[in-house]
J.: 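Okay, handing you the structure first.
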Amino acid sequence: MQAFTQLNGLVAPLDRANVDTDAIIPKQFLKSIKRSGFGVNAFDEWRYLDHGEPGMDNSKRKINPDFVLNQARYQGASVLLTRENFGCGSSREHAPWALEDFGFKVIIASSYADIFYNNCFKNGMLPIVLNATAVDNLFNQVEASVGYKLNVDLAAQTVTTPNGEVYAFEVDAVRKHNLLHGLDDIGLTMQLQDKIKVFEQKHQAAQPWLFN
Amino acid sequence: MAKTLYDKLFDSHVVAEENGTALIYIDRHLVHEVTSPQAFEGLRLAGRKPWRVSSIVATADHNTPTNGWDKGLAGIADPVSRLQIETLTDNIKEFGAKAYFPFMDKNQGIVHVVGPEQGATLPGMTVVCGDSHTSTHGAFGALAHGIGTSEVEHVMATQCLVQKRSKTMQVLVEGKLGNGVTAKDVALAIIGKTGTAGGNGYAIEFAGSAIRGLSMEGRMTLCNMAIEAGARAGIIAVDDKTIDYIKGRPFAPKAEQWDAAVAYWRTLVSDIDATFDTVVTLKAEDIQPQVTWGTSPEMVVNIDGKVPSLDQAKNEVQRADWERAYAYMGLTANTPINQISIDKVFIGSCTNSRIEDLRAAAAVAKGKHIAPNVKLALVVPGSGLVKAQAELEGLDKIFIAAGFEWRDPGCSMCLAMNADKLLPGERCASTSNRNFEGRQGQGGRTHLVSPEMAAAAAVAGHFVDVRTFN
Ligand code: SF4
C-alpha cells in the first residue's frame, strides 16, 4: 500500500450529506474484475448527462456542467470536502478505488459510514473527521476563493488553511502508523500466524462443528 | 462482569488485541462474484493461499439473470457480467471452497439467503462477506458484518480481520405488532427514528417481545436493514426459534455435536444486567406499514402519511436533502402517500425474498390482478430452494394468475446489475433495502415497502394500506 504523510492539495467541495457509494461509483462499473480504472466513472450519474456503461469512451460523453467536480477551478483537486455520513450504503471498495483513481487522497467530512471509512485506509487514503462547524467554515472558504488549498499533515494530525487556521483531527493510532508507513495489513497479520494457529486449535476443540 | 451478546461474540474471537484494535478470527466467509475477483487476484499476485478453505461458501447472485436460464451462461447477454461470473467459478476451482453454488445450481441464490438456509450461518460464528447486508446473519446470534475487498483478501489469507470494538446499541421493541405490520415496517420505523447515520459506530442488538415474536425470516429482514441504520452489525439473541430453524439443515452440526452446539448457543444472549452505550425504544403498537418517499431509507412515513414539507426538516442540511429528493422522486410536499401511483413492482432481494415473504405477498395477490398502469411486477425468489418450495405450495401459480412475472433467483432489481431495471422516471414499489438515486436503474424512483404492501400496490396501482385492502 502507498504511504500517506503530508499533502498540500486543491480542495473540491461536494455540498451534499449522505452521499452513498452507489452515487460514488454506480453498480454497472462493479462488473470489472480489476482494481483500477474506476476514476473516470466516479460520480458517473452526476458527472455525465448520458447513461454510462463500462467500456464507453468517456471523453466522448456529455459532461454535466453543473456538477461541481466538472468546474474548471476544481480540476486536479486532491482533497474532497463533503458533508455528514459520506460513503453510506453498499460496502463496495470500488468507491474508494474510484475516488483515489480520480485523484483524491484526502476526504474531509463531519462523519462517514463505517465500512467506507475503513476501506479508505486500506487504499492509502485519509478520511478526516472535523466537526460540522469546521466543515461549514471550510465550505465557505473554498467556495470564496479559487485555487483554495489545504495542508494536511498526518503525523501532526492537522489540517491548515491558507490563512493559517489549524484544525486538529483524531485518527486511530494503528491506522495512522500503517498509513504513514504504507504497511500492508496482510503482511502485518501474517507476523501473528503462530497466535492465529494457537487460537484456531483452541477454538476447534471448543466448537468442532465450526470446522466441519 | 455482565456482558452484552456483542461483547460475548467479539471476546470469543479475539486472537490478539492492542490499543483497542483487535485481530478477530473469522468462522464463515461468504463470497460472491462482485467483490471477490480483486481479492483472489491479490492472493495470486502475492503467492498466497486461503488459510482455511472450509470456511468459504460461495455463490453467484448480483449479476445473474432471472430469466432465460434455458440458454445457460450464453443467456447472460452482457459479456462483462458473464466474465465476472465465470471468474468466480475459475477462482473457486483454483483456490477451493467448502461449497460453491454456481449460476443455475439448484441451491444458488442471494448469498444472504443461501447462507442461513444451508445452515452455513450458525449462532456464535463470526461471519463476513464482501457485502454490506451481511448484517442479515446476525439474526442467528452471529457476529456478522460486511467488509471491503481488501478485507476479503485479508480474511482469505489470514482467517482474521482487524477490527475495533463497536459501541453497543440496544433497540428495544416491546408489544405486539398489528396485523399487516411486518419486520420490514419495524426496520423502516427504526431507521425513520434513528436516521441512516444513527447506528454509525454501533453494533445493534434488537430485543424485546416484538422481536422475540418475529419468525427467523422476519429477524433476518430486520438485521438485514441494520446497515441502513448505519450499523455494521445487527444481532438478535438465540432462542428456540433460532435452534429449530437450524436443525437438519445441510451444514448444521449433527448427532452429539448438535447437543454440544445447542448447549453453547443457549448462552448467546445478553446478560440480564448488561448495559448498552445507547438504548432506543419503540412500541410495537405504534408501528404502522411504512413507505419511503425519498432517496434515503430514513425518508420514510406511515402509509396514511404525506410527503413531508420543508418546514418539518430538522436543519439546513436535511432541507437541502429533501429538496433534492422531491426533484429526483418527482413528488411535491404534502402529497398523500396513498395517492402515489406506480409503474413497476419488485418483490425480492436479501431483505424480502424468503418463503415467508412470498407467502405473504401471494396471500394479498391471490384471486386479484395487477392494475393496468403497472407495467411489470416481478417476483424474484431469494434462492433456488425458496423457488422450489414456493412452487410446491403453488405460490407461482397465484402470482402468474395475478399478472406477476415469476423469475429465477438472484439480486435482480434490488441493484439492477443484471437486465432487470427501472427506466428513467419509472416509479417502483420495492421490497428491497435501498432507495438511493439510480439504485434500481438510472433515474428510477424507488419506494421501499414490505412484501404485503408491494403486492397490494401492484393490485391497486398505487400505495394502499394493506390492513384495509381487500
Ligand atoms: S439482494 Fe440487493 S442488497 Fe442484497 S446482496 Fe443482493 S444486491 Fe445486495
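A note on names: the letters A, B, ... follow the listed sequences, proteins ahead of strands, and every chain is numbered from 1.
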J.: Establish, from distance only, whether the side-chain atoms of A:Asn212 and B:Gln257 form a donor-acceptor pair under 3.5 Å.
T.: yes
J.: For B:Glu17, what residues pass the salt bridge (charged side-chain N to carboxylate O under 4.0 Å, His left out) criterion, not counting sequence neighbours?
T.: B:Arg165
J.: So, A:Arg83 side chain and B:Val317 main chain: donor-acceptor pair closer than 3.5 Å or not?
T.: no
J.: Check whether any side-chain heavy atom of B:Arg48 lies under 4.5 Å from a side-chain heavy atom of A:Ile186, and answer yes or no.
T.: yes
J.: Between B:Val15 and A:Leu192, is there a side-chain heavy-atom distance shorter than 4.5 Å?
T.: no
J.: Side chains of A:Lys197 and B:Trp51, heavy atoms from C-beta outward: is any pair under 4.5 Å?
T.: yes
J.: Measuring from B:Thr196:OG1 to A:Asn85:CG, what's the distance to the nearest 0.5 Å?
T.: 4.5 Å
J.: Does anything in residues 154-164 of chain B get under 4.5 Å of chain A by heavy atoms, and if so which residues?
T.: B:His154, B:Ala157, B:Thr158, B:Gln159, B:Cys160, B:Val162, B:Lys164
J.: For chain A, find which of B:Gly195, B:Gly201, B:Ser296, B:Ala231 contributes the most heavy-atom pairs closer than 4.5 angstrom.
T.: B:Gly201
J.: How long is the gap from CZ on B:Arg232 to OH on A:Tyr117, to the nearest 0.5 Å?
T.: 12.5 Å
J.: What part of A:Pro26 lies closer than 4.5 angstrom to a heavy atom of chain B: side chain, backbone, both or neither?
T.: neither
J.: Checking heavy atoms, do the side chain of A:Tyr112, its backbone, both or neither come under 4.5 Å from chain B?
T.: backbone
J.: In sequence, state the C-alpha distance, the side-chain angles, and the governing distance for B:Met125 and A:Trp209, and then conclude on side-chain contact (heavy atoms from CB on, under 4.5 Å).
T.: CA-CA 11 Å; B:Met125 274 184 166; A:Trp209 56 87; over 6 Å; no
J.: Can you tell me which of A:Pro54, A:Ser32, A:Gly89 forms the most heavy-atom pairs within a distance under 4.5 Å of chain B?
T.: A:Gly89
J.: Establish, from distance only, whether the side-chain atoms of A:Trp46 and B:Glu437 form a donor-acceptor pair under 3.5 Å.
T.: yes
J.: List for me each residue that meets side-chain hydrogen bond (donor to acceptor under 3.5 Å, both in side chains) alongside B:Ser135, sequence neighbours excluded, and say none if there are none.
T.: none
J.: Looking at chain B, which one of A:Asp22, A:Ile33, A:Asp184 has the largest number of heavy-atom pairs inside 4.5 Å, strictly under?
T.: A:Ile33
J.: Does any backbone or side-chain atom of A:Gln193 lie under 4.5 Å from a heavy atom of chain B? Answer side chain, backbone, both or neither.
T.: both
J.: Using side-chain heavy atoms (C-beta onward) and a distance below 4.5 Å, is A:Thr21 in contact with B:Phe436?
T.: no
J.: What part of A:Asp15 gets closer than 4.5 Å to chain B, counting heavy atoms only: side chain, backbone, both or neither?
T.: backbone
J.: Can you list the steps and then say if A:Arg92 with B:Ser132 is a side-chain contact (heavy atoms from CB on, under 4.5 Å)?
T.: CA-CA 8 Å; A:Arg92 59 188 70 163; B:Ser132 57; over 6 Å; no
J.: When only pairs under 4.5 Å are counted, which of A:His51, A:Gln28, A:Arg175 shares the most heavy-atom pairs with chain B?
T.: A:His51
J.: Determine the option with the most heavy-atom pairs under 4.5 angstrom with chain B, choosing from A:Thr189, A:Asn119, A:Val198, A:Leu210.
T.: A:Thr189
J.: Do B:Gln84 side-chain atoms and A:Leu30 backbone N/O form a donor-acceptor pair below 3.5 Å?
T.: yes
J.: Between A:Arg16 and B:Asp321, is the side-chain contact (heavy atoms from CB on, under 4.5 Å) condition met? List the steps.
T.: CA-CA 7 Å; A:Arg16 289 180 88 141; B:Asp321 256 18; 5.5 Å; no
J.: Could you look at A:Lys122 and say if it's the side chain, the backbone, both or neither that has a heavy atom under 4.5 Å from chain B?
T.: both
J.: With sequence neighbours excluded, give me every salt bridge (Lys or Arg N to Asp or Glu O under 4.0 Å) pair touching residues 97-116 of chain A.
T.: A:Glu100-A:Lys105
J.: Please examine the side chains of B:His62 and A:Lys27, heavy atoms only from C-beta on, and report whether any two atoms are closer than 4.5 Å.
T.: no
J.: Between B:Gly230, B:Gly42, B:Pro37, B:Ala46, who has the most heavy-atom pairs with chain A when the cutoff is under 4.5 Å?
T.: B:Pro37
J.: Would you mind checking which part of A:Asp136 comes under 4.5 Å of any heavy atom in chain B, side chain (CB onward), backbone (N, CA, C, O), both or neither?
T.: neither
J.: Could you walk me through whether A:Gln207 and B:Asp27 satisfy the side chain to side chain donor-acceptor pair (under 3.5 Å) test, starting with their C-alpha distance in whole Å, then the side-chain angles of each, then the deciding distance to 0.1 Å, before giving a yes or no?
T.: CA-CA 11 Å; A:Gln207 297 179 61; B:Asp27 297 315; over 6 Å; no
J.: Under a 4.5 Å cut-off applied to non-hydrogen side-chain atoms, are B:Gln38 and A:His94 in contact?
T.: yes
J.: Should the pair B:Arg439-A:Glu45 be classified as a salt bridge under the 4.0 Å nitrogen-to-oxygen rule?
T.: no
J.: Taking the basic N atoms (NZ, or NE/NH1/NH2) and the acidic carboxylate oxygens, is any pair closer than 4.0 Å for B:Glu33 and A:Lys31?
T.: no
J.: For the residue pair A:His203 and B:His13, does the interplanar ring angle fall in the parallel (under 30°), tilted (30 to 60°) or perpendicular (over 60°) class?
T.: perpendicular
J.: Measuring heavy-atom distances to chain B, does A:Ala17 have an atom under 4.5 Å in its side chain, in its backbone, in both, or in neither?
T.: both
J.: Would you say the side-chain atoms of B:Ser150 and A:Glu93 include a donor-acceptor pair closer than 3.5 Å?
T.: yes
J.: Between chain A and each of B:Ala320, B:Pro424, B:Ala261, count heavy-atom pairs under 4.5 Å; write down the option with the most.
T.: B:Ala261
J.: Taking every non-hydrogen pair under 4.5 Å, which of B:Thr149, B:Leu415, B:Val80, B:Val14 racks up the most with chain A?
T.: B:Thr149
